[in-house]
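Just so you know, these numbers come straight off a predicted model, no measurement behind them.
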Amino acid sequence: FSFIHIIPIPIPCLMWHDFKAFIRISRPANVVISFLAFGVACYLATRSTEFLFHSAFWGTAITITVIAATGYWINDVYDFRIDRINKPNKTVVNAVLSVKKVLTVYFLTNLGILGFSFLFLGIFHEKPNITFINFTSVLLLFIYASYLKRTGVAGNLVIAFLIALVLILAYYLTGHINMALVWAIVFSFEITLIREITKDVQDIKGDLAFQVKTLVIQVGMKRTKGFLTLLFVLFLLSTYMPFFYYFFVYDLALWNYLGLSVLIVQLPTIWIMRMMLKETEPERFGRQSSLLKYVMLTGMVTLFFLGGS
């Protein structure tokens with residue numbers, strides 16, 4: 001895409017239906033999950049809700065939600081041809097919104113949010129690390145959409161890392177870190193990586209048409225399932241990490257955490273893994289991707305039962 005495409009669209013020409021279309025391509029449910037994950041991470045770091053009364057928290061939350069939303073915009077710009085195949089009834093870019101319009105709003109919005117991050121968070125609140133992470137996130141999301149998404153596992157790892165960064169921001173905001181926050185970061189990275197690879201299997205039809213080299217296209221369905229199985233097993237084993245940490249370090253048995261984890265995280269994960277192993281139609285992997293969102297949310301719930309040390 002040439003930069004010539006982004007110049008002539010002034011913001012005032014956006015109509016109400018354009019705003020609704022931008023909300024659609026922002027994946028509001030995913031953006032809300034990112035906001036909630038950041039709030040939970042701040043609570044885990046401090047074991048307090050005082051951060052809710054600090055403008056730095058809300059400033060950081062705004063940058064997280066806006067950067068996440070614009071990341072979906074640029075992803076749809078580069079993928080609209082593939083989306084016509086994978087999800088023809090849900091394609092917005094180059095159907096409802098022109099590529100030129102999306103790119104214009106994308107660059108102007110990111111310019112504004114990064115300026116806000118620099119002035120409000122970096123200078124006024126003296127949080128330059130948060131501003132640096134925001135700049136890095138915007139850059140990585142652009143590189144992912146334009147290149148890394150088409151290179152296999154590297155793109156999946158970048159998205160998992162960016163989701164983990166949302167929780168790492170809680171440390172730079174509050175100045176506190178503990179096992180609960182560390183586990184939240186590990187949890188978010190693992191479940192996001194599994195979900196990203198699952199989504200690639202679901203989108204194989206369109207990716208094949210445009211020679212996108214995702215993992216499933218490079219190694220085939222059977223080996224991808226084997227790799228996903230390994231990731232599922234590692235994730236399930238890692239859910240015991242907080243329990244054993246508190247048991248051996250603090251002589252504290254967190255049975256409430258363990259029981260809840262088994263009930264609302266581990267058992268659903270095993271069920272999703274079994275579905276994955278039995279499934280033969282790539283299009284039906286979309287159900288597993290949706291269920292993994294549920295595991296993300298239930299995993300957040302279990303974190304509240306971890307100690308603050």
> Could you tell me which residues satisfy ring-ring contact (aromatic ring centres under 6.0 Å, His included) with F189, sequence neighbours excluded, listed by chain and number?
none
> Work out which heavy atom in A180 is nearest to a heavy atom in R47; give both atom names and the distance.
CB-NH2, 3.9 Å
> If you compare all heavy atoms of A37 against all heavy atoms of M300, which two are closest, and at what distance to 0.1 Å?
CB-CE, 3.7 Å
> With distance as the sole test, does Q218 use its side chain to make a donor-acceptor pair with the main-chain N or O of K213 at under 3.5 Å?
yes
> With side chains defined as the heavy atoms from C-beta onward, is the minimum distance between K149 and D79 less than 4.5 Å?
yes
> Would you call L165 and S137 a side-chain contact if the rule is heavy atoms closer than 4.5 Å?
yes
> For F304, I'd like to know if atom CZ has over 12 heavy atoms of other residues, nucleotides or ligands within 6.0 Å.
yes
> Which value, rounded to the nearest 0.5 Å, describes the distance between E196 atom CD and L292 atom CG?
10.5 Å
> Partners of M241 by side chain to side chain contact (heavy atoms under 4.5 Å, CB included), sequence neighbours excluded?
M179, W183, V186
> So which pairs with a foot in residues 22-44 pass side-chain hydrogen bond (donor to acceptor under 3.5 Å, both in side chains), sequence neighbours left out?
S26-W73, R27-D76, N30-Y72, N30-K293
> Rounded to the nearest 0.5 Å, what separation is found between the OG1 atom of T302 and the CG atom of N256?
12.0 Å
> Mind checking salt bridge (charged side-chain N to carboxylate O under 4.0 Å, His left out) for E190 and listing every partner two or more places apart, or none if nothing turns up?
none
> Would you check if the side chain of T104 reaches a backbone N or O of K100 as a donor-acceptor pair within less than 3.5 Å?
yes
> What distance do N110 atom CG and F116 atom CZ have between them, rounded to the nearest 0.5 Å?
14.0 Å
> For a side-chain contact (heavy atoms from CB on, under 4.5 Å) check, start with the C-alpha distance between M273 and M276, then their side-chain angles and the critical distance, and finish with the verdict.
CA-CA 5 Å; M273 181 174 65; M276 179 271 297; 4.2 Å; yes
> List the atom of A170, the atom of F38, and the distance in Å for their closest heavy-atom pair.
N-CE1, 3.8 Å
> Determine yes or no for a side-chain-to-main-chain donor-acceptor pair under 3.5 angstrom, with S290 supplying the side chain and G286 the backbone.
yes
> Checking E279 now: which residues fulfil salt bridge (charged side-chain N to carboxylate O under 4.0 Å, His left out) with it, not counting sequence neighbours?
R284
> Can any side-chain N or O of T131 pair as donor or acceptor with the backbone N or O of S117 at less than 3.5 Å?
yes
> Run the numbers on V40 and L44 for side-chain contact (heavy atoms from CB on, under 4.5 Å), then give the verdict.
CA-CA 6 Å; V40 169; L44 294 174; 3.9 Å; yes
> By the definition side chain to side chain contact (heavy atoms under 4.5 Å, CB included), identify the one residue from V105, L103, L111 that meets it with F107.
L103
> Could you walk me through whether V295 and I264 pass the side-chain contact (heavy atoms from CB on, under 4.5 Å) test, one step at a time?
CA-CA 8 Å; V295 175; I264 67 175; over 6 Å; no
> Should F22 and V77 be regarded as members of a common hydrophobic cluster, given that ILVMFWY residues are connected when their side-chain heavy atoms come within less than 4.5 Å of each other, either directly or indirectly?
yes
> Write down the atom of L263, the atom of L267, and the distance for their closest heavy-atom approach.
O-CB, 4.0 Å
> Can you name the residues that form a side chain to side chain contact (heavy atoms under 4.5 Å, CB included) with T214, not counting sequence neighbours?
D200, D207, V212, V216, I217
> Does any part of the side chain of L254, heavy atoms only, come nearer than 4.5 Å to the side chain of F305, both counted from C-beta?
no
> Could you tell me whether the side chain of L173 reaches within less than 4.5 Å of the side chain of C42, counting heavy atoms only?
yes
> For Q202 and S289, work out which heavy atoms get closest and say how close.
OE1-CB, 4.4 Å
> Going from OH on Y144 to CG on N75, what distance comes out if it is rounded to the nearest 0.5 angstrom?
5.5 Å
> Can a donor-acceptor pair be found, under 3.5 Å and without considering hydrogens, that links the side chain of T192 to the backbone of I163?
no
> Checking Q266 now: which residues fulfil side-chain hydrogen bond (donor to acceptor under 3.5 Å, both in side chains) with it, not counting sequence neighbours?
T239, Y240, S261
> Restricting to ring-ring contact (aromatic ring centres under 6.0 Å, His included), what partner residues turn up for Y147, sequence neighbours left out?
none
> Restricting to non-hydrogen atoms, name the atom on Y78 and the atom on S146 that form the minimum distance, rounded to 0.1 Å.
CZ-CB, 3.5 Å
> Which pairs would a plain distance check flag for residues 57-68, meaning a side-chain donor or acceptor within less than 3.5 Å of a matching protein atom at least two apart in sequence or in another chain?
from	atom 1	to	atom 2	distance (Å)
W58	NE1	L52	O	2.7
T60	OG1	A56	O	2.8
T63	OG1	T60	O	2.6
T63	OG1	N134	ND2	3.4
T65	OG1	A61	O	3.1
T65	OG1	I62	O	2.9

> Can you name the residues that form a ring-ring contact (aromatic ring centres under 6.0 Å, His included) with F235, not counting sequence neighbours?
F187
> Is the number of heavy atoms from other residues, nucleotides or ligands within 6.0 Å of OH (Y171) greater than 12?
no
> Quick one: CG on L228 to CZ on F285, what's the gap to the nearest 0.5 Å?
7.0 Å
> Would you call I204 and M221 a side-chain contact if the rule is heavy atoms closer than 4.5 Å?
no
> Hydrophobic cluster membership, with links at side-chain heavy-atom distances under 4.5 Å among I/L/V/M/F/W/Y: are I25 and V31 in one?
no
> Is it true that atom CZ of F132 has more than 12 heavy atoms of other residues, nucleotides or ligands lying nearer than 6.0 Å?
no
> Check the surroundings of atom CD in E50: do more than 12 heavy atoms from other residues, nucleotides or ligands lie under 6.0 Å from it?
no
> Is L119 isolated, or which residues cluster with it under the ILVMFWY side-chain rule of less than 4.5 Å, directly or via members?
F118, I123
> Can you name the ring-ring contact (aromatic ring centres under 6.0 Å, His included) partners of F161, sequence neighbours left out?
none
> Could you go step by step and tell me if L291 and M275 meet the side-chain contact (heavy atoms from CB on, under 4.5 Å) rule?
CA-CA 11 Å; L291 289 171; M275 287 175 56; 3.9 Å; yes
> Under a 3.5 Å distance rule, please check whether K225 uses its side chain to pair with a backbone N or O of L277 as donor and acceptor.
yes
> Let me confirm one number: the OH-CG distance from Y257 to L303, rounded to the nearest 0.5 Å.
7.5 Å
